[in-house]
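Report on the structure given below.
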Amino acid sequence: MAMATSSAYPLPPPFYRLYKDYKQDPSSAPEPPPPIDGAHTIFGSVHQINEVLPSLESLGIRQLYPNGPNIDFKKELIIVNRELQLHILELADILVERPSQYARRVEDISLIFQDLHHLLNSLRPHQARATLIHMLESQIQRRKQAIEDIKQRRDEVQKLLGESLLVLES
């Protein structure tokens, strides 16, 4: 009966041999591959490297907020949100007084939701950048705290060693 052997850690990838002389000659390591340009496949799905959010006009949807690079997202989100609230109240009013005319209001609300969704998706790169900055700052803070803890422990050990030496000398 053959026994299966296993290890706690997997074997290194086969390309580790390319780096065997790295300590003696760092220039012996192969160059990294060039950055991927265009499309690439991840888990069977094809993705573009520079995916750009299509404009609402290219999707055939009317844009309710101004276009341009200097959009005040907070102001525009507030405006579109207030417009959505107004249209929902008007829909409730129409459903009570003129139920046959609700379809137009539902279309308007759908358009507002699409614009709101597009505006929020426009903020995704900013959100990702802010999240990354926050993560890096917290990592730096944790490392600084770890360094301070190590320094404190070192001082305590040095103090104990000094006391031990005094006890041994006497």
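These numbers come from the heavy atoms of this one structure, side chains and all, not from hydrogens, waters or symmetry mates. Please read these numbers as outputs of a predicted model, since none were measured by experiment.
Residue L56 is grouped with residue L77 when hydrophobic side chains (ILVMFWY) are merged at heavy-atom distances under 4.5 angstrom, including chains of intermediate members. Put simply, I112 and I78 are part of two different groups of oily side chains (I, L, V, M, F, W, Y) that touch within less than 4.5 Å, one to the next. Residues L120 and L84 share a hydrophobic cluster, clusters being chains of Ile/Leu/Val/Met/Phe/Trp/Tyr side chains in contact below 4.5 Å. Residues F113 and L59 share a single hydrophobic cluster, defined by chaining ILVMFWY side chains whose heavy atoms lie under 4.5 Å apart. Taking hydrophobic clusters as Ile, Leu, Val, Met, Phe, Trp and Tyr residues chained together by side-chain heavy-atom distances below 4.5 Å, I79 does not share a cluster with L111.
Side-chain contact check for L86 versus E90: some heavy-atom pair is nearer than 4.5 Å. Residues P30 and F15 are not in side-chain contact: their nearest non-hydrogen atoms beyond the backbone lie 4.5 Å or more apart. At least one side-chain heavy atom of I147 sits less than 4.5 Å from a side-chain heavy atom of K151.
Using a distance-only test at 3.5 Å, with no hydrogens or angles considered, no donor-acceptor pair links the side chain of S45 to the main chain of I42. In this structure, the side chain of S110 does not engage the main chain of V106 through any donor-acceptor pair within 3.5 Å. In terms of modelled atom types and a separation under 3.5 Å, the side chain of S55 and the main chain of S58 share a donor-acceptor contact. A donor-acceptor contact shorter than 3.5 Å links the side chain of H87 to the backbone of E83.
When only modelled atom types and interatomic distance are considered, Q145 and R142 share no side-chain donor-acceptor pair under 3.5 Å. There is a side-chain donor-acceptor pair under 3.5 Å between Q101 and R98.
To the nearest 0.5 Å, the span separating CD1 on I133 from CZ on R129 amounts to 7.5 Å. Here D108 contributes atom CG and I88 contributes atom CD1; the two are 12.0 Å apart, rounded to the nearest 0.5 Å. In this structure, CZ on R124 lies 10.0 Å from OG1 on T131, to the nearest 0.5 angstrom. Considering CG of L165 and CG of L160, their distance stands at 11.0 Å, rounded to 0.5 Å. Taking CZ of F43 as the reference point, atom NE2 of H47 lies at 9.0 Å (rounded to 0.5 Å). Interatomic distance, L119 CG to L53 CG, rounded to the nearest 0.5 Å: 10.0 Å.
Enclosure of atom CZ in R143 is not indicated, since only 12 or fewer non-hydrogen atoms of other residues, nucleotides or ligands lie within 6.0 angstrom. For Y22, the OH atom sits in a loose shell: 12 or fewer heavy atoms of surrounding residues, nucleotides or ligands are nearer than 6.0 Å. For H40, the NE2 atom sits in a packed shell: over 12 heavy atoms of surrounding residues, nucleotides or ligands are nearer than 6.0 Å.
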message: Would R82 and Q85 count as a side-chain hydrogen bond (donor to acceptor under 3.5 Å, both in side chains) here? Give the steps.
response: CA-CA 5 Å; R82 284 187 183 149; Q85 290 172 358; 5.9 Å; no
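Among residues two or more places apart in sequence or in another chain, the side-chain contact (heavy atoms from CB on, under 4.5 Å) test is passed with D25 by S27, S28.
Residues R62 and D115 come closest through the heavy atom pair O-OD1, 3.0 Å. The two residues Q48 and A39 come nearest to each other via the heavy atoms NE2-CB, 3.6 Å. Smallest separation of non-hydrogen atoms from S122 and H126: O-CD2, 3.8 Å. Closest approach of L95 and Y102 over heavy atoms only: CD2-CB, 3.6 Å.
Sorted by first and then second residue, the side chain to side chain donor-acceptor pair (under 3.5 Å) pairs involving residues 63-79 (not counting sequence neighbours) are Y65-H118.
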